[in-house]
> 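Okay, handing you the structure first.
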Amino acid sequence: MQLPNWPYPHTIAHRGAGKLAPENTLAAIRLGVSFGYRACEFDVKLSRDNVCVLMHDADLDRTSNATGAVADRDWAMLSQLDAGSWHSSAYVGEPIPTFANVIAYCNANDVAMNVEIKPSPGRERETGAAVARECERRCTTAKTPPLLSSFSTDALLAARDAAPESLLAHLFQDPLPSDWLHKCKSVGAIALDANWKSLTAAIVQEAHANGLRVACYTCNEIADAERLWSWGVDSVITDAVDRIAFRA
Ligand code: G3P
Ligand code: MG
């Protein structure tokens, strides 16, 4: 079976620049780019007033100077927060970016985006739809179309309903569930996006034989990445932007 076009590099920077800068900030994405990375993964969810923002956790506690659920806060409040000082003094005052700001940066600098739709609990469909619409509205000039991924089948279905041209990847935790192929197909995904530890050469082969590309997260050792590429894995998402050289 013919494989879908895959305009993404073999390496993608996780959360911007992994752990070297505060995750899911513009500073992190810029740092990844400074190491030569031309693609980044980041996590997007909705504020209470439906602004798409970058944040991994449902709560603000770990990666900002505030507490409580992101979904309970309006953008006016989130925009005032410090999402950098938890990481290190070099990043004090680094703001939470909107998805729109990040799209503008990535488009202007030819950085490909792997947008992980990371809904707050109960907001799966609206988050998927909002992310897909934002991409449709703002990525018309992007050199590389964004790849939208999610662990949530509902979020991916809503993204597809809102913007049928969206390129989707279905994420799975380790171990890979037995119905991974069915789930990928049910949302019209172009790729399986697995925990790297759950992949085998046979799974990569099965995905490719069924017309799916294969991405995986979060592989931080070059020897492991080389093995994954030798099996034909199309993109490896990594924190180790300083140790694993960017590979187109
Ligand atoms: O998108 C791949 C990876 O980021 C998924 O796991 O928890 O780092 O968002 P997590
Ligand atoms: Mg992620």
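Residue numbers run from 1 in the order of the sequence given. Note that ligands are numbered from 1 as they come in the structure, with each ligand's atoms numbered from 1 the same way.
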> Can you confirm whether the side chains of Ser149 and Asn114 place a donor and an acceptor under 3.5 Å from each other?
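Judged by distance alone, the side chains do pair up.
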> Can a donor-acceptor pair be found, under 3.5 Å and without considering hydrogens, that links the side chain of Ser150 to the backbone of Ile117?
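Pair found, side chain donor or acceptor close to backbone of Ile117.
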> Ignoring hydrogens and geometry beyond distance, is a side-chain donor-acceptor pair present between Asn101 and Thr98 at under 3.5 Å?
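Looking only at side-chain atoms, Thr98 and Asn101 do form a donor-acceptor pair, the distance falling under 3.5 Å.
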> By atom name, which N, O or S atom of Asp43 is the nearest to the Mg ion (ligand 2)?
OD1
> Determine yes or no for a side-chain-to-main-chain donor-acceptor pair under 3.5 angstrom, with Glu41 supplying the side chain and Arg15 the backbone.
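Here the side-chain-to-backbone pair exists.
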> Using atom types as modelled and distance alone, determine if a side-chain donor or acceptor of Asp43 lies under 3.5 Å from a backbone N or O of Glu116.
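Checking the backbone N and O of Glu116 against the side chain of Asp43, no donor-acceptor pair under 3.5 Å is found.
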> State the atom name: nearest N, O or S atom of Glu41 to the Mg ion (ligand 2).
OE2
> Mind listing the N or O contacts between ligand 1 and protein, cut-off under 3.5 Å?
{"from": "ligand 1", "atom 1": "1 (O)", "to": "Glu41", "atom 2": "OE2", "distance (Å)": "2.7"}
{"from": "ligand 1", "atom 1": "1 (O)", "to": "Glu116", "atom 2": "OE1", "distance (Å)": "3.1"}
{"from": "ligand 1", "atom 1": "4 (O)", "to": "His14", "atom 2": "NE2", "distance (Å)": "2.9"}
{"from": "ligand 1", "atom 1": "4 (O)", "to": "Glu41", "atom 2": "OE2", "distance (Å)": "2.6"}
{"from": "ligand 1", "atom 1": "4 (O)", "to": "Glu116", "atom 2": "OE1", "distance (Å)": "3.1"}
{"from": "ligand 1", "atom 1": "7 (O)", "to": "His56", "atom 2": "NE2", "distance (Å)": "2.7"}
{"from": "ligand 1", "atom 1": "7 (O)", "to": "Lys118", "atom 2": "NZ", "distance (Å)": "3.3"}
{"from": "ligand 1", "atom 1": "8 (O)", "to": "His14", "atom 2": "NE2", "distance (Å)": "2.7"}
{"from": "ligand 1", "atom 1": "8 (O)", "to": "Arg15", "atom 2": "NE", "distance (Å)": "3.4"}
{"from": "ligand 1", "atom 1": "8 (O)", "to": "Arg15", "atom 2": "NH2", "distance (Å)": "2.8"}
{"from": "ligand 1", "atom 1": "9 (O)", "to": "Asp43", "atom 2": "OD1", "distance (Å)": "3.2"}
{"from": "ligand 1", "atom 1": "9 (O)", "to": "His56", "atom 2": "NE2", "distance (Å)": "3.2"}
{"from": "ligand 1", "atom 1": "9 (O)", "to": "Glu116", "atom 2": "OE1", "distance (Å)": "2.8"}
{"from": "ligand 1", "atom 1": "9 (O)", "to": "Lys118", "atom 2": "NZ", "distance (Å)": "2.7"}

> So which of the N, O or S atoms of Glu116 lies nearest the Mg ion (ligand 2)?
OE1
> Spell out, as yes or no, whether a donor-acceptor pair under 3.5 Å connects the side chain of Lys197 to the backbone of Asp174.
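It does not hold such a pair.
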> Check the side chains of Asn220 and His14 for a donor-acceptor pair under 3.5 angstrom, ignoring hydrogens and angles.
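No, no side-chain donor-acceptor contact under 3.5 Å.
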